[in-house]
Amino acid sequence: MKWFRHMSDASQDEDITFIEAEFGLDGYARWWKLLEIVAKQMDKTDRCHAEYPWSDWQRFLKGKRGKLETFLECLGNQRKINLIDSGKILRIEVPKLLELRDEYSRKLR
């Protein structure tokens, strides 16, 4: 996916407000960075996930594993993401990105 819609009032979303209250602007930034990482992996199918070793997720999202686990579990509890952890590889699914898919990606389908 080349781009996704970012609503101008996204920071007022109840879940995003909660993330920011819990994790500060770091959490807000991590959320958008996570969307970018997953969106980049999307193709003409309904794939809406990215799979990387924990070390890569830590590098991408700028945090230690324990901190990221807390953050990602919070997102999972809010049903923003689905996590599949095989121990070595963490798969993060963001189904909402299917709704935010850009026009270019939709036409490929």
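No hydrogens, no waters, no symmetry mates; every other heavy atom, side chains included, goes into these values.
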What one should report as the nearest heavy-atom pair of Leu72 and Ile81 is O-CD1, 3.6 Å
Is Leu34 close to Leu75 at the side-chain level, that is, under 4.5 Å between some pair of heavy atoms?
-> yes
CD (Gln78) and CD (Glu22) are apart, to the nearest 0.5 Å, by 8.5 Å
Smallest heavy-atom separation, Asp43 atom then Arg47 atom, equals OD1-CB, 3.9 Å
To the nearest 0.5 Å, how far apart are CG in Asn82 and NE2 in His49?
-> 11.5 Å
To the nearest 0.5 Å, tell me how far Asn77 CG sits from Glu73 CD.
-> 7.0 Å
Determine whether Val94 and Phe18 fall in the same hydrophobic cluster, where Ile, Leu, Val, Met, Phe, Trp and Tyr are linked whenever their side-chain heavy atoms lie under 4.5 Å apart.
-> no
Could you pull out the closest heavy-atom pair between Phe71 and Trp31, with the gap in Å?
-> CZ-N, 3.8 Å
Glu51 side, atom CD; Trp57 side, atom CH2 - distance, nearest 0.5 Å = 9.5 Å
Cluster link Ile92 to Trp32, ILVMFWY, side chain under 4.5 Å | yes
Could you tell me whether Glu36 and Lys33 make a salt bridge, using a distance below 4.0 angstrom between a side-chain N and a carboxylate O?
-> no
Identify the heavy atoms of Pro95 and Cys48 that sit nearest to each other, and give their distance.
-> CA-SG, 3.7 Å
Straight-line distance of Leu97 CG to Asp46 CG, nearest 0.5 Å = 12.0 Å
Leu68, Asp26, Asp56 screened by side-chain contact (heavy atoms from CB on, under 4.5 Å) with Leu61, the one that passes = Leu68
Answer yes or no: is there a side-chain heavy-atom contact under 4.5 Å between Leu25 and Glu20?
-> yes
Provide the closest heavy-atom pair for Asp85 versus Arg65 in the form atom of the first, atom of the second, distance.
-> OD2-NH2, 3.7 Å
Atom CD in Gln41, atom CZ in Arg91: separation rounded to 0.5 Å?
-> 11.5 Å
Is Lys96 paired with Asp15 through a side-chain N to carboxylate O contact shorter than 4.0 Å?
-> no
Path from Leu83 to Trp54 over hydrophobic side-chain contacts below 4.5 Å = yes
Can you name the nearest heavy-atom pair linking Glu93 to Ile84, along with the distance?
-> OE2-CD1, 3.6 Å
